[in-house]
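What follows is a short report on a single structure.
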2 protein chains.
Amino acid sequence: MRLTTKGRYAVTAMLDLAIHAGKGPVSLADISERQGISLSYLEQLFAKLRRNELVRSVRGPGGGYQLNREQRDINVAQVIDAVNESVDATGCGHTGSCQDGSICLTHHLWCDLSSQIHDFLSQITLADLMERSDVRSVAKRQDREHSSAFEDSLISAKVTA
Amino acid sequence: MRLTTKGRYAVTAMLDLAIHAGKGPVSLADISERQGISLSYLEQLFAKLRRNELVRSVRGPGGGYQLNREQRDINVAQVIDAVNESVDATGCGHTGSCQDGSICLTHHLWCDLSSQIHDFLSQITLADLMERSDVRSVAKRQDREHSSAFEDSLISAKVTA
DNA sequence: CTAATAGTTGACTAAAATAGTCGGTTATTG
DNA sequence: CAATAACCGACTATTTTAGTCAACTATTAG
């Protein structure tokens with residue numbers, strides 16, 4: 001089992017997408033700047049998120065990504081699974097062939113732990129995270145710090161209008 | 001956060017130690033054979049377990065390792081921590097400096113997850129695992145399969161006697 | 001005393017995963 | 001047509017995992 005920046009980045013980016021929804025698609029460049037994640041790396045992650053039908057894309061200018069389901073219908077476990085290929089704590093992938101064909105001494109312990117983690121993460125949806133005060137305050141800070149991008153979009157909106 | 005064979009091996013080896021306690025120290029060679037873990041790798045892991053005062057060693061013939069505390073007083077989280085340096089799901093080690101000095105959008109989520117995992121694993125002691133029927137049956141199977149080692153020691157005992 | 005046993009230590013290594021980078025292609029919009 | 005932004009594949013440095021190997025030390029049986 002592994003939970004590294006890959007899974008954390010994916011959840012963070014999905015939450016950013018949820019927060020900035022409503023004003024059309026969100027570009028990876030915006031997410032990259034706000035969340036401090038490499039653009040190229042985001043591309044890799046979003047390829048997986050799209051394959052797992054958690055997001056949909058819009059190409060061309062003004063394009064970007066949007067959530068492909070309601071915020072209530074996307075949970076953290078799904079996002080991590082999409083990029084990480086499962087949060088399994090067993091060494092055998094639940095097959096029970098950890099020690100030459102049979103189960104090892106601690107097989108059931110790791111099964112229990114896997115369930116525990118999966119249950120916890122699958123109960124938390126993007127909508128839940130959106131409601132949290134700590135998330136809201138960090139999001140507010142990020143929007144303030146990276147308002148340049150916001151202003152730029154205002155300017156281009158004026159220009160194009 | 002990472003939970004790989006390293007942590008699993010450590011818990012498995014500690015449980016093996018608990019199961020075969022009472023008949024004097026248990027050698028790493030025995031654990032290696034029963035649990036199918038490389039002897040040299042076990043040496044590395046037990047160096048850490050000893051530094052963390054979870055086991056004590058007896059050198060020389062008939063030597064090996066013993067638990068350094070009661071089975072009730074050793075939990076799974078302690079064992080994993082000893083070899084893995086913590087089961088932390090945050091990227092910042094709980095310092096809160098995930099995004100250039102401030103917390104990232106999902107910081108508290110990973111803190112919550114870390115607590116969840118730690119609470120779960122720290123509630124399970126070696127004594128708890130010993131009582132489980134699945135553990136007892138796997139242990140019985142392993143003792144049966146590797147009785148050769150036991151017989152060998154009987155034979156060599158006869159020869160040297 | 002000595003031979004065997006078994007822990008102790010440190011250095012080394014192959015393979016995999018992480019966390020990216022880079023260059024180019026394709027679709028869309030103005 | 002030019003700019004934008006998603007898409008794709010190949011490449012890479014670094015770290016971790018999961019070991020191996022060789023040498024050394026302490027202890028015990030005989």
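- Rounding to whole angstrom units, OH of residue A:Tyr41 and C1' of D:dC8 are separated by 17 Å.
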Side chains of residues 117-124 of chain A: which donor-acceptor partners sit under 3.5 Å, not counting sequence neighbours?
residue  : atom : partner  : partner atom : Å
A:Ser122 : OG   : A:His118 : O            : 2.8
A:Ser122 : OG   : A:Asp119 : O            : 3.3

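- Taking B:Asp16 as the reference, B:Arg34 meet the salt bridge (charged side-chain N to carboxylate O under 4.0 Å, His left out) condition, with sequence neighbours excluded.
- With sequence neighbours excluded, no residue forms a salt bridge (charged side-chain N to carboxylate O under 4.0 Å, His left out) with B:Asp88.
- Rounded to a whole Å, the CZ atom of B:Arg2 is 15 Å from the C1' atom of C:dA16.
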Between protein and nucleotides 5-15 of chain C, map the contacts as a letter string: B base, S sugar-phosphate only, - none, heavy atoms under 4.0 Å, written 5' to 3'.
BSBBB------
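- Under the salt bridge (charged side-chain N to carboxylate O under 4.0 Å, His left out) criterion, B:Asp112 pairs with A:Arg132, not counting sequence neighbours.
- Under the salt bridge (charged side-chain N to carboxylate O under 4.0 Å, His left out) criterion, A:Glu131 pairs with A:Arg72, not counting sequence neighbours.
- Within residues 3-14 of chain A, no residue approaches DNA chain D, by heavy-atom distance under 4.0 Å.
- Contacts classified as ring pair (Phe, Tyr, Trp, His ring centres under 6.0 Å) and involving residues 74-96 of chain B (residues at least two apart or in different chains) are not found.
- A heavy atom closer than 4.0 Å to some atom of DNA chain D occurs in no member of residues 92-109 of chain A.
- Applying the side-chain hydrogen bond (donor to acceptor under 3.5 Å, both in side chains) rule to A:Gln78 yields no partners; only residues at least two apart in sequence or on another chain are considered.
- Rounded to whole Å, atom C1' of D:dG19 lies 13 Å from atom NZ of B:Lys48.
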Which donor-acceptor pairs under 3.5 Å do the side chains of residues 100-107 of chain B make with protein atoms, sequence neighbours left out?
residue  : atom : partner  : partner atom : Å
B:Thr106 : OG1  : A:Thr12  : OG1          : 2.8
B:Thr106 : OG1  : B:Trp110 : NE1          : 2.9

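- The distance from atom NE2 of A:His146 to atom CZ of A:Arg141, rounded to the nearest 0.5 Å, is 8.0 Å.
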Side-chain donor-acceptor pairs under 3.5 Å in residues 39-52 of chain A, sequence neighbours left out?
residue : atom : partner : partner atom : Å
A:Lys48 : NZ   : A:Val83 : O            : 3.4
A:Asn52 : ND2  : A:Lys48 : O            : 2.8

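- In this structure, B:Leu42 atom CG and D:dC21 atom P are separated by 16 Å, rounded to whole Å.
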